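Note that ligands are numbered from 1 as they come in the structure, with each ligand's atoms numbered from 1 the same way. Given the structure is predicted, the values throughout are model-derived calculations rather than measurements. All values below were derived from every heavy atom in this structure, side-chain atoms included, with hydrogens, water molecules and symmetry-related copies excluded.
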Amino acid sequence: MREFAFELSVCARLERETAGIVSRQLGGAVAAPGSRILDVVHVEPGPDFDERAAITPETIPALAIEADVGTGRARYWREAVAGGGEYVREALERAVEIGFLERTRRGGREYLRQTTRYTDWFSTITAIENKPDLASPGDLERQLRFDVSLGLVDRVVLATGSYVTRAHLNRIPESVGVWRLHDGEREVIREATPLDSTGWGLELGESRPLRTDVSPVPPAEKARKRRRIAERAYGKGWRLDPPACAHGDVGEVEGASVPYCSYYDRVVDPGECGPSCPGHEPADPPEAEPAAERDRRTPWVTDPEGTKRRQAGLDSFR
Ligand code: SF4
């Protein structure tokens with residue numbers, strides 16, 4: 001099975017079998033952000049999940065969560081966040097827009113307050129690396145060693161469609177769990193061993209003969225990144241809209257809707273659809289309701305009441 005279709009089937013299966021938040025293609029590095037992308041991430045809800053779901057269906061910008069702003073007295077925004085560039089301004093604007101922060105004005109200044117107390121709402125985070133065919137492992141061993149050494153997530157799992165031999169198991173870190181997905185079943189070949197996600201981690205960098213660069217990552221940095229992963233997973237999910245092409249369709253995997261192509265008769269990544277495809281015929285995408293389906297099948301809430309006490313204006317922070 002092609003990697004993309006395999007990945008969506010892993011997402012749909014996890015969503016069906018667990019009560020968590022599933023997402024895909026999220027950054028999993030700290031020292032060199034972007035150097036490691038996790039295929040699939042599963043976030044288990046913690047005791048404060050309902051409070052988080054009540055705020056917004058979107059990702060709350062990390063800068064807004066990390067800002068020195070509480071629910072009590074409003075704070076002048078420039079004193080709440082270090083720096084004040086365009087990036088900060090946009091993050092705060094977004095947080096007001098989605099109802100996590102509210103804004104008041106006094107004497108020509110903008111003051112911010114959180115609309116509700118934010119607490120980490122998640123517990124276990126599992127990263128799943130997909131390798132449908134172990135005969136073409138690519139960079140698999142290094143990717144798994146990276147995740148285990150950093151310990152950003154609580155568990156790392158390899159998902160494959162291949163028959164798994166002892167030799168395969170010997171080549172990957174012992175703590176990595178292994179699932180085999182075949183004939184509509186998920187067979188647990190090996191359970192994952194929990195990693196030390198609250199301690200120091202070592203992030204693997206560039207590898208040269210006889211030498212691999214490593215960056216020590218402190219627990220606080222890991223905690224920060226874990227929150228960012230959980231927030232991104234909550235807002236993003238894993239669903240994709242069907243392709244904007246006359247051959248674009250909605251298929252089904254594990255009871256979930258997935259983008260489908262009637263020209264190639266298979267699940268397709270809409271990101272790869274375009275004029276370079278021989279079958280491409282621009283058209284409106286077929287109707288799909290990814291948010292409604294996600295709301296129905298997961299604890300994510302598409303239209304929560306929100307925690308804003310009143311609608312704040314959308315003027316820019318300057
Ligand atoms: S662009 Fe190509 S792959 Fe995408 S839906 Fe159209 S025919 Fe299929």
Side-chain angles (χ1 to χ4, degrees), residues 1-17 20-28 34-43 57-59 127-140 143 157-163 179-186 229 232-298 300 302-303:
M1 195 194 288
R2 291 165 65 98
E3 291 233 2
F4 180 74
F6 186 83
E7 187 160 304
L8 295 196
S9 74
V10 169
C11 291
R13 176 169 284 273
L14 271 176
E15 182 179 274
R16 188 162 59 82
E17 292 178 350
I21 296 296
V22 180
S23 190
R24 53 183 285 277
Q25 299 295 309
L26 303 183
S35 65
R36 172 81 180 108
I37 302 295
L38 305 172
D39 283 343
V40 175
V41 170
H42 176 267
V43 182
E58 311 284 346
T59 297
I128 298 114
E129 184 64 26
N130 299 318
K131 199 50 70 184
D133 184 2
L134 288 177
S136 320
D139 211 12
L140 179 66
Q143 289 164 331
V157 170
L158 163 66
T160 182
S162 297
Y163 178 74
W179 299 342
R180 185 180 178 214
L181 277 72
H182 62 121
D183 303 331
E185 298 293 321
R186 179 170 64 95
I229 289 176
R232 188 78 184 106
Y234 191 82
K236 183 181 179 189
W238 62 270
R239 287 180 165 74
L240 293 153
D241 290 327
C245 169
H247 301 287
D249 207 346
V250 179
E252 193 190 303
V253 169
E254 306 283 348
S257 303
V258 291
Y260 199 83
C261 168
S262 56
Y263 182 83
Y264 287 115
D265 207 13
R266 62 170 167 79
V267 172
V268 72
D269 180 353
E272 289 176 6
C273 291
S276 60
C277 168
H280 181 243
E281 286 178 44
D284 287 339
E287 236 174 75
E289 293 187 324
E293 184 177 283
R294 188 180 181 202
D295 186 84
R296 224 174 25 248
R297 284 173 55 109
T298 77
W300 176 82
T302 185
D303 190 17

Could you check whether any side-chain N or O of Asp269 sits under 3.5 Å from a backbone N or O of Gly271, counting only pairs where one atom can act as donor and the other as acceptor?
yes

Can any side-chain N or O of Lys131 pair as donor or acceptor with the backbone N or O of Gly138 at less than 3.5 Å?
no

Identify, with sequence neighbours excluded, every residue that meets side chain to side chain donor-acceptor pair (under 3.5 Å) alongside Arg13.
Glu17, Glu254

Both conditions, 6.0 Å and 45 degrees, for the charged tip of Arg186 above the ring of Trp179: are they met here?
yes

Protein N/O/S atoms under 2.8 Å of atom 8 (Fe) of ligand 1?
Cys261 SG

Do Arg2's NZ or CZ and the ring of Phe4 fall within the cation-pi criteria of under 6.0 Å and 45°?
no

Could you check Arg36 against Glu129 for salt bridge (charged side-chain N to carboxylate O under 4.0 Å, His left out), going step by step and ending with a plain yes or no?
CA-CA 11 Å; Arg36 172 81 180 108; Glu129 184 64 26; 2.7 Å; yes

